[in-house]
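Letters go in sequence order (proteins before strands), and every chain restarts at 1. What you are looking at is a predicted structure, and each value in this text was computed from that prediction instead of being measured. Side-chain atoms are counted along with the backbone in the values below, which use heavy atoms only and exclude waters and symmetry mates.
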Protein chains: 2
Amino acid sequence: MSASKLGATRTDVRANVRRVPGPCAHWGDQDADFIREILDLVGDKWSVLIIGTLADGPTRYSDLAYAIPRISQRMLTLTLKHLQRSGLVDRTAYPEVPPRVEYALTDLGTSLLSTVLALAAWSSDHHAEIRHHQTAFDAAGAPRNAS
Amino acid sequence: MSASKLGATRTDVRANVRRVPGPCAHWGDQDADFIREILDLVGDKWSVLIIGTLADGPTRYSDLAYAIPRISQRMLTLTLKHLQRSGLVDRTAYPEVPPRVEYALTDLGTSLLSTVLALAAWSSDHHAEIRHHQTAFDAAGAPRNAS
DNA sequence: CTGAATCCGCAGTGATACTG
DNA sequence: CAGTATCACTGCGGATTCAG
């Protein structure tokens, strides 16, 4: 509703003619918010890496830290908590003398894994091509130091 | 190599025993960088929305601004440039008196679209469940103002 | 071992105004 | 119409230190 209000507020000049009535053909106005919601969840720096690592089975905190070399304790803990909060991972603490905590993917998390894996596959398939495009683009527009 | 160096640097206590030798079973150490690369590209606030809108066919700048209500000119221009730089969208300027510029998805962009659409579908399917988990989690841990 | 707490730089984002 | 330029703000994310 916020969209229709905003859209009507700005002006109605295009209300009679122009195409592109709504956001897009693939999702509605509020669907966009859902996507953003998921993107905020997995679009950050570490979530996907953690999910991928957790796919191998329940993993201890320190093992996660080892499996994802450049992550800081802060981000590991924080991201883990976010994922747990959203029901993607499950935390199990064992009341032992040397504290032991295991994190595991929930069913929900596993279902997201397949989608994320598809994205990972696409990344591997096209990263070279993207790199190439970026280099060509930079060579065409960036060199203001040339000449 | 940076990973192995870092891993070796921190200590070698676990080098002999512990499992979880590499990052994870689904992608290698550098594959993680590819994923991050793509995530940096589409994980931002607007890329996915733009890609989705562009899926309907070539779209003009102002139509994009209208289709994505809350986006600022700055972000629209900037995100568009990022996507163009990576070869996901194609920019075509028509040298007319009233300037007209159309943006369209490239083949590369279209191939990403299907993957992104899968993520969007997942979002729609599970956003309610996620919301529920979040609420429950907050109710259990957050209320330090209760009682 | 598994965190929590703090300080802090900086990149991402938005609002506004200006240009061709 | 289609951008560009500038300023200011916010929160992410890293490094470090403390605690159970």
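- An OP1 or OP2 oxygen of D:dA2 is reached within less than 4.0 angstrom by a side-chain nitrogen or oxygen of B:Ser62.
- Note: CG (B:Leu80) to P (D:dG3) measures 7 Å, nearest angstrom.
- As rounded to whole Å, 9 Å separates atom P of D:dA2 from atom OH of B:Tyr103.
- You'll find that the side chain of B:Arg60 is closest to D:dC1, out of D:dT4, D:dC1, C:dC1.
- Between B:Arg131 and B:Glu129 no salt bridge is recorded (no basic side-chain N to carboxylate O distance below 4.0 Å).
- Dashed line: the shortest gap from a side-chain N or O of A:Thr77 to OP1 or OP2 of C:dT2 is not under 4.0 Å.
- The B:Val101 side chain lies nearest to D:dG3 when the options are C:dA15, D:dG20, D:dG3.
- One interatomic measurement links the two molecules: CG of A:Leu78 to C1' of D:dG14, which rounds to 12 Å at whole-angstrom precision.
- Rounded to an integer number of Å, the gap from A:Glu96 CD to C:dT2 C1' is 13 Å.
- A 4.5 Å side-chain heavy-atom check between B:Tyr61 and B:Thr77 finds at least one atom pair inside the cut-off.
- Side-chain proximity of B:Lys81 to C:dG14, D:dT4, D:dG13: nearest is D:dT4.
- Distances were taken from every side-chain heavy atom of B:Arg74 (C-beta onward) to each of C:dA17, C:dA15, D:dG14; the shortest belongs to C:dA15.
- For the pair B:Arg36/A:Lys45, a side-chain contact is recorded, criterion being any heavy-atom separation below 4.5 Å from C-beta on.
- As rounded to whole Å, 15 Å separates atom P of C:dT16 from atom CE of B:Met75.
- Taken residue by residue, residues 38-47 of chain B places no heavy atom nearer than 4.0 Å to DNA chain D.
- If you measure from atom CG of A:Leu76 to atom P of C:dT2, you get 10 Å, rounded to the nearest angstrom.
- A sub-4.0 Å separation between OP1 or OP2 of D:dT4 and a side-chain N or O of B:Tyr61 is absent.
- The separation between B:Tyr66 atom OH and D:dC1 atom P is 14 Å, rounded to whole Å.
- Taking the side chain as every heavy atom from C-beta outward, A:Val101 and A:Arg60 never approach each other to under 4.5 Å.
- The closest donor-acceptor contact from the side chain of B:Ser114 to the backbone of B:Ser111 lies under 3.5 Å.
- A residue-by-residue look at A:His82 and A:Pro99 shows that A:His82 has its nearest nucleotide of DNA chain D further toward the 5' end.
- Looking at B:Leu83 and B:Ser47, their side chains come closer than 4.5 Å, going by heavy atoms from C-beta outward.
- Nucleotide C:dT2 holds its P atom 15 Å from the CD atom of A:Gln84, rounded to whole Å.
- Looking at A:Arg70 and B:Asp33, a side-chain N of the basic residue comes within less than 4.0 Å of a carboxylate O on the acidic one, giving a salt bridge.
- Mapping B:Gln73 and B:Thr79 onto DNA chain C via the closest heavy atom, the residue that lands nearer the 5' end is B:Thr79.
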